[in-house]
There are 2 protein chains.
Amino acid sequence: MSKAIELAKKGVDSNAGGPFGAVVVKNGEIIAEGYNKVTSNNDPTAHAEVVAIRNACKKLNSFQLEDCIIYTSCEPCPMCLGAIYWARPKKVYYACTRDDASHINFDDQFIYNEISKEINGRQIPFINLMRKEALTVFKNWTDKEDKTVY
Amino acid sequence: MSKAIELAKKGVDSNAGGPFGAVVVKNGEIIAEGYNKVTSNNDPTAHAEVVAIRNACKKLNSFQLEDCIIYTSCEPCPMCLGAIYWARPKKVYYACTRDDASHINFDDQFIYNEISKEINGRQIPFINLMRKEALTVFKNWTDKEDKTVY
């Protein structure tokens, strides 16, 4: 966790983005690092955890973080939490909380609230369209014999 | 939306990943495309929406999708929903639903359920550690005068 916090500080000092860092550990060794690069990379998805997960997966040549532990300097936002669930590490350690993040104006709680809402009640409008046409591609997927399932 | 569905099919046919496509539209024009590349890129975050958002932001030289509309061939998973909220488009159109995704074994609903839970009740353990040390970096951020806020 010291390393994750150090990366958060590095991100702030270098104007990379918000004050967040993360590392991925496997077998007691740090295999990947990340810090927030949203504003410097013009990438709203470049949160510390996402960067660290992408680096770790590249290193492991896998889309899963089997037996890995993520250390992040702050409780993950919903996007990062989703990324963590898709990557499936075995455990996550976090330092600051979402309330701490909110106090410095990173309002993860707002997104947590929006995600829990019905799809028709959100602040960004979500509108259904062409479901029938899109379902044909799901059928292609189901019928496909050489697919990689994840 | 036809283009998003076409991209989903392209992803299936080329073994890129799951059957999902997305486009970002600004001023009536498609400015970026994406399809799922999780398994081919070994990147669990490479969902269609995330890929399209990253491409659109690169094109716009911005970490925000102001006045943009996202068309996605399936209701976004929590990770993509988080990414959408961080990118702040004005509207989202989606075709298939999370139930449709669940029927072909993409269990977004499981992650939706996990995200709504208290942090101590999740299937992946989340453990708090070194909050006090990490808060010093939040203080650095607050005190920083030349920061880019987002």
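In what follows, every chain begins at residue 1, and chains take the letters A, B, ... in the order their sequences are listed. When reading the values below, keep in mind they use all heavy atoms of this one structure, side chains included, and skip hydrogens, waters and symmetry mates.
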### Task
Specify the closest pair of heavy atoms between B/K90 and A/P125, including all atoms of both residues, with the distance to one decimal.
O-CD, 3.2 Å
### Message
We want to know whether A/Y150 and B/N105 form a side-chain donor-acceptor pair, criterion being a heavy-atom distance below 3.5 angstrom.
### Response
no
### A/T142 versus chain B, the contacting section by heavy-atom distance below 4.5 Å
side chain
### Summary
To the nearest 0.5 Å, atom OG1 of B/T72 lies from atom CZ of A/F126 at 9.5 Å
### Task
Identify which part of A/P76 has an atom lying under 4.5 Å from any heavy atom of chain B, answering side chain, backbone, both or neither.
side chain
### Summary
Checked B/G18, B/G21, B/A8 vs chain A; the most non-hydrogen pairs under 4.5 Å come from B/G18
### Query
What part of A/I84 lies closer than 4.5 angstrom to a heavy atom of chain B: side chain, backbone, both or neither?
both
### Message
Using side-chain heavy atoms (C-beta onward) and a distance below 4.5 Å, is B/P78 in contact with A/P78?
### Response
no
### Message
Need one label for A/I111: side chain, backbone, both or neither, based on atoms under 4.5 Å from any heavy atom in chain B.
### Response
side chain
### Task
Can you tell which part of A/I53 gets under 4.5 Å to a heavy atom of chain B, answering side chain, backbone, both or neither?
side chain
### Task
For atom NZ of A/K9, decide whether the heavy atoms of other residues, nucleotides or ligands shown that lie under 6.0 angstrom number more than 12.
no
### Task
Under 4.5 Å heavy-atom distance to chain B, tell me which part of A/T136 shows up: side chain, backbone, both or neither.
neither
### Message
If hydrophobic clusters are built by linking Ile, Leu, Val, Met, Phe, Trp and Tyr wherever their side-chain heavy atoms come under 4.5 Å apart, do A/V51 and A/V12 end up in the same one?
### Response
no
### Query
Under a 4.5 Å heavy-atom cut-off, does chain B meet the side chain of A/C74, its backbone, both or neither?
side chain
## Note on the structure
Between the CG atom in A/D100 and the CG atom in B/L135, the distance rounded to the nearest 0.5 Å is 4.5 Å
### Summary
Scored by heavy-atom pairs under 4.5 Å with chain B, the best of A/H103, A/E6, A/R122 is A/R122
### Task
Identify which of B/I70, B/D43, B/T97 forms the greatest number of heavy-atom pairs closer than 4.5 Å to chain A.
B/D43
### Task
Kindly indicate whether the side chain of B/V92, heavy atoms from C-beta on, has any atom under 4.5 Å from the side chain of A/I124.
yes
### Query
Is it the case that more than 12 heavy atoms not belonging to B/K139 sit under 6.0 Å from its NZ atom?
no
### Message
If you apply the rule ring-ring contact (aromatic ring centres under 6.0 Å, His included), what do you find for A/F138 with B/F20, and how did you get there?
### Response
CA-CA 9 Å; A/F138 278 15; B/F20 308 103; 5.6 Å; yes
### Task
Go through A/M1, A/Q123, A/R88 and name the one with the most non-hydrogen pairs under 4.5 angstrom from chain B.
A/M1
## Note on the structure
Honestly, the part of A/E75 sitting under 4.5 Å from a heavy atom of chain B is side chain
### Query
When only pairs under 4.5 Å are counted, which of B/V50, B/I119, B/N140 shares the most heavy-atom pairs with chain A?
B/I119
### Residue part contacting chain B, namely of A/H47, when any heavy atom lies under 4.5 Å
side chain
### Query
Out of B/A101, B/S62, B/A83, B/G82, which one racks up the most heavy-atom pairs below 4.5 Å with chain A?
B/S62
#### Entry: Nearest-0.5 Å distance that lies between atom CD in A/E114 and atom CG in B/L81
8.0 Å
### Query
Side chain, backbone, both or neither: which part of A/Y94 has a non-hydrogen atom closer than 4.5 Å to chain B?
both
### Query
Hey, what do you get for CG (B/N42) to CG (A/N61), rounding to the nearest 0.5 Å?
5.5 Å
### Task
Return yes when atom CG of A/N27 has more than 12 non-hydrogen atoms of other residues, nucleotides or ligands closer than 6.0 Å, and no otherwise.
no
### Message
Counting heavy-atom pairs closer than 4.5 Å to chain A, which one of B/T148, B/N128, B/V137 comes out on top?
### Response
B/N128
### Task
Determine whether the side chains of A/K58 and B/N41 contain a donor N or O and an acceptor N or O closer than 3.5 Å.
no
### Query
In terms of ring plane angle, is the pair A/W141 and B/F106 parallel, tilted or perpendicular, where the classes change at 30° and 60°?
tilted
### Message
Please give me the minimum heavy-atom distance between A/M130 and B/A95, naming the atom from each residue.
### Response
O-CB, 3.7 Å
### Task
Evaluate whether atom NZ of A/K10 has more than 12 neighbouring non-hydrogen atoms of other residues, nucleotides or ligands under 6.0 angstrom away.
no
### Task
Name the region of A/N36, side chain, backbone, both or neither, that has any atom closer than 4.5 Å to a heavy atom of chain B.
side chain
### Message
Would you say CD of B/E66 has more than 12 non-hydrogen atoms from neighbouring residues, nucleotides or ligands within 6.0 angstrom?
### Response
no
### Message
How close do A/W86 and B/C77 get, counting heavy atoms only, and between which atoms?
### Response
NE1-SG, 3.3 Å
### Query
A/R98 versus chain B, heavy atoms under 4.5 Å apart: side chain, backbone, both or neither?
side chain
### Query
Near B/K91 NZ, under 6.0 Å, is it more than 12 heavy atoms from other residues, nucleotides or ligands?
no
## Note on the structure
Smallest heavy-atom separation, B/I5 atom then A/E133 atom, equals CD1-CB, 3.8 Å
### Contact summary for B/P44 and A/F63, nearest pair of heavy atoms
CB-O, 3.6 Å
### Task
Under 4.5 Å heavy-atom distance to chain A, tell me which part of B/Y112 shows up: side chain, backbone, both or neither.
side chain
### Message
Testing the basics here: between B/T45 and A/R54, what is the closest heavy-atom pair and its distance to 0.1 Å?
### Response
OG1-NE, 3.4 Å
### Task
Measure the CG-OG distance between A/L129 and B/S2 for me, rounded to the nearest 0.5 Å.
8.5 Å
### Query
CG/A/D146 to CG/B/N15 distance, rounded to the nearest 0.5 angstrom?
4.5 Å
